[in-house]
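We count ligands from 1, going down the list as the structure has it; atoms in each ligand are counted the same way. All values below were derived from every heavy atom in this structure, side-chain atoms included, with hydrogens, water molecules and symmetry-related copies excluded.
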Amino acid sequence: MAVLDKYAALAQQYAGLEAAGANPFNVPFERVLSPTAAIIGGRETLLLGTNNYLGLTYDPAVIAAANAATQAAGTGTTGSRIANGSYGSHQQLEAALADFYGRKQGMVFSTGYQANLGIISALAGKGDHLLLDADSHASIYDGSRLGYAQVTRFRHNSPDDLANRLRRLAGEPGEKVIIVEGIYSMLGDTAPLAEFAAVKREYGGCLVVDEAHSLGVLGATGRGLAEQAGVEADVDFIVGTFSKSLGGVGGFAVTDMPGAEILRVVSRPYMFTASLPPGVIAATEAALHQLRARPELRQRLNENALRLYRGLAGLGFELGPEPSPVVSAIMPSPEAAFGFWAALLKAGLYTNVSLPPATPKGLALLRSSVSAAHSPEQIDQAIGLFAQVGERLGLLGAPAFAAAK
Ligand code: PMP
């Protein structure tokens, strides 16, 4: 049909992956066994591509909270908070998030994607300026479209480039909203947040940090990069998700900004969608409690991350610039990434393929993410499978990857 003709070339590539039985974008998990194992293609597979950073998806207290809330309040809210009411548990979770971050206000969205859409579009509207890192997540780019602000992209992780751009915008009407991420989801690198905060202090503007991949991972109490960098006071809004360290689904924003309550009636992705079901809200609050009460999860996660990063670097893979729970091996081509991914899966290891436009610099990535629930032996097993498959495919050793840079 004509409306789909524009996707013909892509559809052909996609069909090719399906035909080869190696489509990394549509993998059926026949049965999930634990945060680190599932049955895929009839065999037990080690999961190394789930974003389940703290491994809380099977936590007994989290599951019990979800079950109890579902029994008590039903499966869904069947509507948006502004039209159909807020349950006490929504407000309680918002208060718990605000308390965790030491902020006055918390706001819960139905996904992390919508939290970015809702906050960015509401803060940076028509006539305002949105300054975003060139490697921003799709939800940040999409939020910029929804708000109609003038968008300025600055070089990835470059406070100097941000400063230049703010200098050029000085004197122009409109608010300046700056957004960066804690840990970037493709290569696992962190933002130089102290430097960004200094730029904000010098030139002004509203600073938003998306801590989707850094909540529960970084900071003395797991609040994220702003906590680790000691610049929480410079950050006006923290945005995040429940779908990674908290093991559920949903998103949030916290702030001290006076008057932020108005966002509930101007933020369209908050207003025009159903609120999260009671079970999800209760599970998230229980997971947040676990995150706060068990710092050893964060420690184990970061030990596993370092183990995988060192192991793959030792094999000669070219990785992101620093160890983090996201460990991506740069592949020489998308075809190499597909081949490597499929061979790993066949050998019992599930990872992710990430390709442009989601990736920076047009890179093809074989992306892994580590969990606190992995044992050191599982991490070593994964490294062993990378070694085996890499050798078999002739993809071991740094020189093979030089071409991709
Ligand atoms: N921000 C970033 C940086 C992300 O990586 C993601 C998801 N990968 C999101 C926001 C969206 O979160 P969610 O999947 O919970 O919608």
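- Shown here for G76 and Y87, the closest heavy-atom pair between the two residues is O-OH, 3.6 Å.
- Of the polar atoms of G112, at least one N or O is found under 3.5 Å from an N or O of ligand 1, judged by distance alone.
- Residue E181 has no nitrogen or oxygen atom sitting less than 3.5 Å from a nitrogen or oxygen atom of ligand 1, judged on distance alone.
- When each atom of ligand 1 is checked for a heavy atom of S185 under 4.0 Å away, the hits are 5 (O).
- Annotation: atom 5 (O) of ligand 1 to nearest protein heavy atom, H213 NE2, 2.7 Å.
- Contact atoms of ligand 1 toward S243: 13 (P), 14 (O), 15 (O) (distance under 4.0 Å to a heavy atom of the residue).
- D380 and R307 are joined by a salt bridge, as a carboxylate oxygen and a charged side-chain nitrogen come within less than 4.0 angstrom of each other.
- Which parts of ligand 1 touch Y113 is read off a 4.0 Å heavy-atom cut-off, strictly below it: atoms 11 (C), 12 (O), 13 (P), 16 (O).
- Ring-centre distance between Y350 and F29: below the 6.0 Å cut-off.
- Protein heavy atom closest to atom 1 (N) of ligand 1, with residue, atom name and distance, is D210 OD2, 2.6 Å.
- Protein heavy atom closest to atom 9 (C) of ligand 1, with residue, atom name and distance, is H137 CE1, 3.5 Å.
- Put simply, the side chain of L225 reaches to within 4.5 Å of the side chain of E211, judged on heavy atoms.
- Counting heavy atoms closer than 4.0 Å to ligand 1, residue N116 contributes side-chain atoms (C-beta onward) but none from N, CA, C or O.
- For Q114, no heavy-atom contact with ligand 1 is shorter than 4.0 Å.
- Looking at every heavy atom in both residues, N157 comes nearest to P159 through O-CD, 3.2 Å.
- Residue K6 qualifies as enclosed at atom NZ: its count of foreign heavy atoms under 6.0 Å is above 12.
- Heavy-atom contacts of S139 reach the following atoms of ligand 1: 1 (N), 10 (C) (cutoff under 4.0 Å).
- Side-chain N/O atoms of R153 and Y141 include a donor and acceptor closer than 3.5 Å.
- Atom numbering of ligand 1 starts at 1 in the shown order; those under 4.0 Å from a heavy atom of K244 are 6 (C), 7 (C), 8 (N).
- Separation of the F252 and Y101 ring centroids falls under the 6.0 Å cut-off.
- Here the side chain of E18 pairs no donor or acceptor atom with the backbone of N23 at under 3.5 angstrom.
- Scanning the protein for heavy atoms near atom 15 (O) of ligand 1, the closest one is T241 OG1, 2.5 Å.
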